[in-house]
Amino acid sequence: MLSVYLIFNLIILMKVLVATDKAFAPHAISQIRILIEAAGYEYLLLENYRDVSELVTAVFDADALIVRSDMVTAEVLDAAKKLRIVVRAGAGYDNLDLASCTAHNVVAMNTPGQNSNAVAELAFELMLYQVRGGFSGQSGTELRGKTIGLHGFGNVGKYVADIAKGFGMDIYAYDPLVSERVMKNHGVKQCNHSEELYLKCQFISIHLPSNDITKKSIGYELMRRMPKNAVIVNTARKEVIDETGLLKIFEKRTDFSYLSDVEPDCKAVFEKKYKGRFIFTAKKMGAQTEEANINAGVAAARQIVDYFKTGSEKFRVNK
Ligand code: NAD
């Protein structure tokens with residue numbers, strides 16, 4: 001017997017809007033399009049838009065929406081009269097207003113794990129550039145034999161551990177939801193609390209989600225414990241850092257570096273006072289590889305097709 005979803009799908013031509021203010025790589029776009037059209041849906045694209053009003057207009061008759069870091073707010077959802085599903089092509093979904101999605105009967109999903117390797121590689125790109133003094137010609141240091149602590153041991157943290165092993169680093173992690181056995185399988189030693197992690201590790205790589213518990217959770221009290229020539233690399237979210245504490249540690253310790261995928265709010269102070277001790281990407285770069293774009297974009301399109309054809313709500317993040 002035909003499922004309700006299939007009948008609905010046969011009668012109505014679904015519209016899937018890909019809306020990204022920071023465009024996917026061209027190869028990713030063409031693969032997403034092929035997948036959507038092969039399923040019999042109409043493909044719509046809004047790329048590099050400058051104002052939310054463009055998204056509000058474009059989403060009007062879309063049944064499904066794929067976004068990247070674009071804000072899906074109550075305003076966008078109010079305008080989307082037919083919307084049934086929104087998929088964030090990426091891991092973090094703090095750009096989706098989940099309560100509003102639920103109130104509008106919209107299923108919200110992410111695509112976990114699809115861009116993790118790209119983010120992990122960026123963490124090393126930042127660390128290597130920093131320890132070699134920005135390739136300035138001065139003598140730098142190596143990663144081999146140094147301690148690295150992974151704050152959060154989910155999809156990205158695991159890739160970072162695997163790469164760190166190749167560099168010959170001594171790897172620790174703190175994640176209350178991951179067992180010692182899983183960490184051991186990746187060659188990682190478990191810490192029982194975050195203080196222990198920061199105390200042990202010269203390099204800390206942050207891989208936490210941004211939520212009510214983690215926001216501003218990494219501040220002076222943790223940072224001050226770190227060994228000499230401490231480096232924090234943050235490819236997660238700027239919100240997890242307590243920037244007042246960050247500025248305090250920079251004031252007190254000249255051996256401290258902070259590397260971050262996106263600029264912190266206190267960037268101007270860094271530029272004025274702490275040249276050479278920070279790297280901030282101007283735009284979020286973690287998932288900006290062709291491979292990650294294809295993985296996450298195609299996964300998002302597949303999840304939409306599966307949802308319409310079978311009702312599958314795997315990777316749903318709202319209740
Ligand atoms: P994930 O959900 O797979 O892993 C997060 C891990 O953090 C989980 O294992 C969880 O148990 C752990 N955790 C949660 N709260 C914790 C706490 N208080 N203390 C210790 N551990 C805690 O997520 P992921 O895919 O590994 O992503 C990690 C971070 O990287 C997220 O913030 C995500 O948004 C970000 N990210 C950034 C980019 C980028 O472009 N820079 C791309 C992908 C992901």
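Ligands are counted one by one from 1 in listed order, and the atoms in each one are counted from 1 as well.
- With a 4.0 Å cut-off on non-hydrogen atoms, Asp175 touches ligand 1 through its backbone as well as its side chain.
- In the vicinity of Val119, heavy-atom distances shorter than 4.0 Å reach the ligand 1 atoms 38 (C), 42 (C), 43 (C).
- A salt bridge does not link Glu54 to Arg50: none of the charged nitrogens lies less than 4.0 Å from a carboxylate oxygen.
- At the shortest separation from atom 26 (O) of ligand 1 among protein heavy atoms lies Val156 N, 2.9 Å.
- Every atom of ligand 1 with a heavy atom of Leu208 under 4.0 Å away is listed here by number and element: 16 (C), 17 (C), 19 (N), 20 (C), 21 (N), 22 (C), 29 (C), 31 (C), 32 (O).
- Close contacts of ligand 1 with Pro176, meaning ligand atoms under 4.0 Å from a residue heavy atom, involve 19 (N), 20 (C), 21 (N).
- Close approach of ligand 1 to Gly92 is summarised as follows: ligand atoms under 4.0 Å from at least one heavy atom of the residue are 34 (O).
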Residue pair Lys238, Glu243: steps toward the salt bridge (charged side-chain N to carboxylate O under 4.0 Å, His left out) verdict
CA-CA 9 Å; Lys238 71 175 177 181; Glu243 293 192 9; 5.8 Å; no
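- The closest non-hydrogen atom to atom 1 (P) of ligand 1, taken over Leu197, Asn155, Asp261, comes from Asn155.
- Atom 14 (C) of ligand 1 has Pro209 CD, 3.5 Å as its closest protein atom, hydrogens excluded (heavy atom only).
- Here the side chain of Thr111 pairs a donor or acceptor atom with the backbone of Gly90 at under 3.5 angstrom.
- The closest approach between Gly90 and ligand 1 stays at or above 4.0 Å for every heavy atom of the residue.
- Remark: the backbone N or O of Val231 is not paired with any side-chain donor or acceptor of Ser257 at under 3.5 angstrom.
- At a cut-off of 3.5 Å, with distance as the only test, no side-chain donor of Gln130 or Tyr258 sits close to an acceptor on the other residue.
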I would like to know whether Asp97 and Thr73 meet side-chain hydrogen bond (donor to acceptor under 3.5 Å, both in side chains); could you show each step before the answer?
CA-CA 5 Å; Asp97 181 337; Thr73 59; over 6 Å; no
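- Ring-centre distance between Phe280 and Phe270: below the 6.0 Å cut-off.
- Residue Ser116 places no N or O, backbone or side chain, under 3.5 Å from any N or O of ligand 1.
- Within 4.0 Å of atom 23 (O) of ligand 1, not a single protein heavy atom is present.
- The ring of Phe124 has its center closer than 6.0 angstrom to the ring center of Phe167.
- Atom 43 (C) of ligand 1 has as its closest protein heavy atom Asn115 OD1, 3.4 Å.
- Put simply, the side chain of Asn234 gets close to the backbone of Arg237: a donor and an acceptor are under 3.5 Å apart.
- The nearest non-hydrogen atom to atom 37 (C) of ligand 1, considering only Asn110, Val182, Leu150, Thr235, comes from Thr235.
- Contact annotation: for Val240 versus ligand 1, there are no heavy atoms closer than 4.0 Å.
- Counting heavy atoms under 4.0 Å from ligand 1, residue Ala91 touches it through the side chain alone.
- Every atom of ligand 1 with a heavy atom of Tyr174 under 4.0 Å away is listed here by number and element: 19 (N), 20 (C), 21 (N).
- When non-hydrogen atoms are compared, ligand 1 lies under 4.0 Å from the backbone of Phe153 (N, CA, C, O) but not from its side chain.
- At a distance under 4.0 Å, a protein heavy atom can be found next to atom 11 (O) of ligand 1.
- Tyr198 has its ring centre no less than 6.0 Å from the ring centre of Tyr174.
- Aromatic rings from Tyr41 and Phe308 are positioned such that their centres are separated by under 6.0 Å.
- With a 4.0 Å cut-off on non-hydrogen atoms, Thr214 touches ligand 1 through its side chain and not its backbone.
- Between Arg68 and Ala287 the shortest heavy-atom distance is NH2-O, 3.9 Å.
- Considering only heavy atoms from C-beta on, Ser116 comes within 4.5 Å of Val156 through its side chain.
- Regarding atom 4 (O) of ligand 1, its nearest protein heavy-atom neighbour is Gly154 CA, 3.2 Å.
- Scanning the protein for heavy atoms near atom 5 (C) of ligand 1, the closest one is His207 O, 3.5 Å.
- Annotation: atom 30 (O) of ligand 1 to nearest protein heavy atom, Ala236 CA, 3.6 Å.
- Interface atoms of ligand 1 facing Leu177, defined by a heavy-atom separation under 4.0 Å, are 11 (O).
- Other residues, nucleotides and ligands contribute over 12 non-hydrogen atoms within 6.0 Å of the CZ atom of Phe153.
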